[in-house]
Amino acid sequence: MLTLHVAERSPQAAVLVDGASIAAVGPYEELAAAEPRARVRRWPGILTPGLLNPYGPELLEATYHPDPREADVLGTEPVVGARAREILRADPARLGASARRGVQRMLAHGTVAVAGELRSRAAADAVRRAGLAVGQRPDRLPGPAALSPTPLILLPGPVAGGPARFAVFDVADRADLVRRGAGSCVATVIGGRLVYRGR
């Protein structure tokens with residue numbers, strides 16, 4: 001089934017998805033006319049190639065992402081540092097579920113690729129199952145580990161025949177995305193599937 005993704009602030013960069021691949025990229029009007037039976041998904045903001053988060057090990061192996069049922073004790077935000085090490089050391093089996101929740105948080109921030117050597121099978125499995133691409137880590141990391149790292153690392157643009165992997169952010173343009181950060185993500189698509197939808 002063909003799906004046409006278009007964002008209101010970037011209609012010239014619409015993406016036509018066929019299964020797990022991109023069938024075409026171009027102006028929305030042209031793609032809609034060429035494939036009138038395609039399902040249309042309209043988004044606010046801009047459609048981007050998605051983000052590479054270079055902090056895979058830090059966010060998925062050295063951070064504990066609490067289960068919602070632990071909110072009364074641990075809160076809802078990621079736990080880092082000595083407290084995260086203590087939690088994961090006390091019960092190593094928690095790493096797998098934490099890594100899966102960490103991946104979900106990354107998807108909610110427009111991450112479509114992760115970098116850094118993942119040493120635990122649990123974290124590597126969470127990345128693989130989500131369909132995240134694995135990229136090369138930059139020589140110099142931009143700053144502290146974050147779901148919305150500064151600066152943001154955008155991947156190369158989507159191309160026909162390439163993997164259907166991109167993210168949509170509710171921002172006016174790329175400069176606004178840099179100002180507001182990856183928390184403005186409204187949709188993430190990996191392998192042609194909508195893996196995160198913010199609204």
Side-chain angles (χ1 to χ4, degrees), residues 13 15 17 20-22 25 45-66 77-81 84-85 87-88 92 94-159 161-169 171 174-198:
V15 175
V17 174
S21 300
I22 293 176
V25 178
I46 63 170
L47 193 146
T48 73
L51 302 175
L52 166 74
N53 191 309
Y55 298 107
E58 292 82 357
L59 292 174
L60 300 177
E61 295 175 327
T63 300
Y64 182 70
H65 299 273
E77 293 302 309
V79 178
V80 298
R85 288 190 297 276
I87 292 167
L88 294 170
R94 290 173 119 173
L95 180 61
S98 172
R100 288 189 297 276
R101 290 187 295 269
V103 163
Q104 289 302 313
R105 286 179 186 261
M106 292 175 123
L107 296 174
H109 285 78
T111 298
V112 298
V114 66
E117 183 182 353
L118 296 172
R119 297 174 192 263
S120 74
R121 182 175 179 179
D125 283 350
V127 165
R128 182 184 48 77
R129 286 184 182 137
L132 288 167
V134 177
Q136 186 170 356
R137 196 169 195 166
D139 292 334
R140 285 186 50 187
L141 294 176
L147 291 166
S148 182
T150 303
L152 296 174
I153 303 171
L154 282 169
L155 294 175
V159 295
R165 179 174 52 227
F166 52 89
V168 182
F169 296 90
V171 294
R174 285 191 180 198
D176 193 26
L177 172 57
V178 169
R179 278 190 302 278
R180 294 183 49 203
S184 59
C185 181
V186 293
T188 304
V189 173
I190 294 179
R193 296 177 301 117
L194 185 61
V195 294
Y196 170 75
R197 181 179 182 148

| Working for side chain to side chain contact (heavy atoms under 4.5 Å, CB included), residues N53 and L132 | CA-CA 10 Å; N53 191 309; L132 288 167; over 6 Å; no

| How many angstroms lie between CZ in R197 and SG in C185, if you round to the nearest 0.5 Å? | 12.0 Å

| R193 atom CZ, neighbour heavy-atom count above 12 within 6.0 Å | no

| task | Would you mind reporting whether F166 and V25 have side-chain heavy atoms less than 4.5 Å apart? | result | no

| said: Distance check, rounded to the nearest 0.5 Å: Y64 atom OH versus L88 atom CG? | reply: 7.5 Å

| field | Close side-chain approach of L154 to L51, heavy-atom, < 4.5 Å | value | yes

| message | Could you report the tightest heavy-atom contact between L95 and L60, atom names first, then the distance? | response | CD1-O, 3.5 Å

| Does any N or O in the side chain of T63 come within less than 3.5 Å of the main-chain N or O of V80, such that one atom is a donor and the other an acceptor? | no

| said: Tell me the closest heavy-atom pair linking V79 and P66, and the distance in Å. | reply: CG2-CG, 4.1 Å

| request: Check the pair Y196, M106 against side chain to side chain contact (heavy atoms under 4.5 Å, CB included), reporting the backbone distance first and the verdict last. | output: CA-CA 10 Å; Y196 170 75; M106 292 175 123; over 6 Å; no

| note | Correct closest heavy-atom pair for V103 and A130 would be CG1-CB, 3.5 Å

| field | Closest contact, heavy atoms only, P138 versus P54 | value | CD-CB, 3.7 Å

| message | Listing request: all salt bridge (charged side-chain N to carboxylate O under 4.0 Å, His left out) pairs with a residue in residues 122-132, at least two apart in sequence or in separate chains. | response | R121-D125, D125-R128

| query | Under the salt bridge (charged side-chain N to carboxylate O under 4.0 Å, His left out) rule, what pairs show up with a residue in residues 130-157, not counting sequence neighbours? | reply | E58-R137

| message | Contact between V159 and I22 at the side-chain level, heavy atoms closer than 4.5 Å - yes or no? | response | no

| message | Show the nearest heavy-atom pair for residues A84 and A62, with the distance to one decimal. | response | CB-O, 3.6 Å

| query | For the residue pair L177 and S184, what are the closest heavy atoms and their distance? | reply | CD1-OG, 3.8 Å

| query | Can you list every side chain to side chain donor-acceptor pair (under 3.5 Å) pair that touches residues 103-120, not counting sequence neighbours? | reply | E61-S120, H65-R105

